[in-house]
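For the numbers below, each heavy atom of this structure counts, side chains included, while hydrogens, waters and symmetry mates do not. So that the names make sense, note that chain A is the first sequence line, chain B the second, and so on, each numbered from 1.
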Amino acid sequence: MIKFIGWRFGRAFFTVFAVLVAVFLAARLTGNPLEVMYPEGLTPDQEKSLLQQYGLDKPVYVQFGIYVRDLSQGNFGISLREKRPVADMYAEDIGATLKLAGCAFLVSVVFGIPMGMIGALKRRTGIGRLVMSVAFLGYAVPHFIIALSLILIFGFYLHWLPSTGNETIWHFILPTVTLAAHRFASIARHTRSSLLDVLSQDFMRTARAKGLEERVVIFKHALRNSLIPVVTILGLQIAGLINGSIIVETVFAWPGIGRLFVGAVLKRDFPVLQFGVICFAAIVVLVNFLVDILYVIIDPRIRTEA
Amino acid sequence: MWNKKLFGKRTKPPGYLLSMVPMLVVLGMVFALFGTPLAQAKELRVGLQSFDDGDPGLDSYHTTNAAAQMTNCIHETLIERDAYSKPLKFKPALATSWKMIQPTVMELKLRKGVKFHDGTTMNADDVAFSLNRIWQRTRPQFEAVQGRFFYNFDRVEVVDPLTVRIHTKRPEPLIEILLSDRCASIISKEYQDKVGFEKADLAPVGAGPYKVVSFKARQQLVLERFNDYWGEKAPLDKITFTHIPEISSRITALVNGEVDFIFNLPPDQEGPLHNQKNVKLLGVVWPMFHVYAVNMTNPVTGNKKLRQAMDLSVDRELLVKSLWQGKGLVPKAHQFKEYGEPLYMPELVTVKYDPEKAKRLVKESGYNGDPVVLTFLPHYYTYGNLAAQAIAEMWQKAGINVKLQSIDSYPSDLKNIMIRIWSNPMYYPDPMGAFDTHWSNDGWPYRKKFFKPENPKWNEFYEKARFSTNVKERRQAYAELLKIGEDEAGYILLYQPYESFAMRSDIEWKVPTNMRPYTLTFRAGQIKVGK
């Protein structure tokens, strides 16, 4: 087991390091950040002095070495634009993003699993088809279309819900629904297909033959077994939540890291961009790492295969 | 207890109904927590499209459109410019009086007892610190403001704690206009010394009618009335500027009562607000041109006849009609009516449309069909991408082989850029407020050899238009300068854009015609909210 965990940890570490290299190089391929910071130009002396100040005058491999050294010392860099530690900037904004992502995750699970069940158990009825049609829409329609449609209907025409900010519980509804739509749809579809698969298994016939009530058959035998693959995809949803928050936060003026991240890309704020990408990659890798370990605990055969 | 006789055999609910229980619980929790706060009567909530233009501070030196929206409330100048008067009037502000004691020296008496937002008292050292740091270009950040406004200013001399002398390099006919620009505001030296330049930029301390309560870059600025303000107290208790980049969200926020004041609405977004109760629209044609700057030293666009052909083949009437729904304005020359008499010359026409002459000029130019690349920023200027496509078609018809290139920002080295989109706003109500701020020898087009007039008379007329102390001479020289500019065709004016402000119907506010575009004036006498 320790060998397995060690192997997976090493792989996770390598993945994050590969992302670090990729984002470091990709950021520098976008061009000189001073062009965006000083659109009206600088004198050659000023440009040279600023490049020196930001350490951008050195060869890329030297810059990378310095960055890795600083990272290992817990120094994540200073924003070129705001001249503040990037860790502080993310720390200020991460709370709002986590609240939104948490709500979206909760809603997608709470609604997605029951909807998937309805889709499976009532698959030949109107309600079953309706539920899966809604799930299909949630899956197919892009975030920004959902966001703008919700703003138009519930904000502009009905005046029921606010369209910007995060002050009250009401402010959470539209962005949460927008962000949850894809996740909810994905969970509902996976739950449905998994449940249908389980329902056709021999042990279900056995359970019914034992004289168990249908409720017990569904919840205790079918649902439990069908949720194993669903639990697996829940981990992957976290990546989607952070991705989705970038657009959702912009449309709903939500004060989270999504906007910080977009701003860093547009304004070539390398330290902010690098830190965001690395954190994001680390979260995804960590979740996958935990899921891998969870697998081993659930199914020892995987350990053997590894 | 379940009564079998009465209700029959108890049946269990189907599984899918049970599964909906958690959904109902979540919905119940959400609706149980109902409650939306309402704005206070004297609070103004402003939804901004652009919050920092990539330059997040609020120190007075910032020249961006985004900063102009907010810094007008925070900072105070020595001389105050009336925001609306024609002819232009100046009022005492942090200086109570001023006079020229030599052609290049102005002496100003400072107001006694003026408090900064941190409670410190202003004196001559603060004035010298605030202005000298810019005029002596002590940081690269000051390059833009110095090049645009203050390149003729030399230094501030402290005479005594309440007297300063401002030295210019040569006689400055625009000295009052320039000193009344918000970029010439006075900040607290003590505060800057204490917290440092970067921190002070994000939490500025000025002497204006509102003080900063909180500022979160990219997100929100909260201001409160400054009760120790030296002049008439601010009419609002609180102003909240919130960044709402998405236009649909901004419009909905206004209609929903989440904000009270929004702007940057192009004509095609006005429709949804026309029939809204409690909302009124205020349209404005900005004193600003969308411009194509043409590289005069590039091997292709260095050809003057080709540049003239490009200028003559742009059908601006069509652009204004089709893109701006007829609400923008076709320029006649590089000037705005906001200059007022006598500097505005309505009879002067240097912008013309003559597609036939354009075709002739292309032939005469010896143009060999090399691609002319029009490089544009697709989302920076309203309708900028559509205009680029339309203009490319117009140039094609004139016989020019045009290629469009979309980029996210312009490189430092512009030698390979042939044509770039730009804007020329009127920074102050004078011909130089839109011309000198963009086309002077200290501006980037000249420094980067993008703009290089060949006509030997250019410098002579520029000199008079900029520095003559005789208004008639300045007017005449400026007219001559614009005629040369037409011949040089180093810039192609497109149109004056139109935008709308939208606000709660009980707000009384008007666009300040003596200030640069996007300045939000919320001082005493400039806004009324509620009854």
Identify every side-chain donor-acceptor pair in residues 216-223 of chain A under 3.5 Å, counting partners at least two apart or on other chains, and give the distances.
none

Between B:His290 and B:Asn424, a side-chain donor and acceptor under 3.5 Å
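Short answer, no.
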Ring centroid separation for B:Tyr410 and B:Trp444, is it under 6.0 angstrom?
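That pair fails the under 6.0 Å test.
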Quick check: B:Phe197 with B:Tyr61 (ring centres under 6.0 Å apart)?
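Distance test on ring centres: under 6.0 Å, yes.
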Ring-plane angle category for B:Phe435 and B:Trp439, please: parallel below 30°, perpendicular beyond 60°, tilted otherwise.
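Tilted: the ring planes of B:Phe435 and B:Trp439 meet at 30° to 60°.
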Mind checking whether B:His438 and B:Trp422 have parallel, tilted or perpendicular rings, split at 30° and 60°?
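Answer is perpendicular, since the angle exceeds 60°.
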Structural part of [X] lying under 4.5 Å from a heavy atom of chain A:
{"X": "B:Pro445", "answer": "neither"}
{"X": "B:Ile244", "answer": "both"}
{"X": "B:Gln141", "answer": "both"}
{"X": "B:Thr242", "answer": "neither"}

Quick one: of B:Arg218, B:Lys199, B:Glu198, who has the most non-hydrogen atom pairs under 4.5 Å with chain A?
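With the most close heavy-atom pairs to chain A, the winner is B:Arg218.
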Please identify, among [options], the residue contributing the most non-hydrogen atom pairs under 4.5 Å to chain B.
{"options": "A:Arg268, A:Glu92, A:Arg259", "answer": "A:Arg259"}
{"options": "A:Arg84, A:Glu47, A:Lys83", "answer": "A:Lys83"}
{"options": "A:Thr30, A:Leu260, A:Thr250", "answer": "A:Leu260"}

For B:Lys216, which residues count as a side-chain hydrogen bond (donor to acceptor under 3.5 Å, both in side chains) partner, sequence neighbours excluded?
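Once residues adjacent in sequence are excluded, the partners of B:Lys216 under the side-chain hydrogen bond (donor to acceptor under 3.5 Å, both in side chains) criterion are A:Asp93, B:Gln219.
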Chain B contact via A:Leu50 - side chain, backbone, both or neither, heavy atoms under 4.5 Å:
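It is the side chain, since no backbone atom gets that close.
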With only heavy atoms counted, which part of A:Glu214 is less than 4.5 Å from chain B, the side chain, the backbone, both or neither?
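Contact with chain B: none, neither part.
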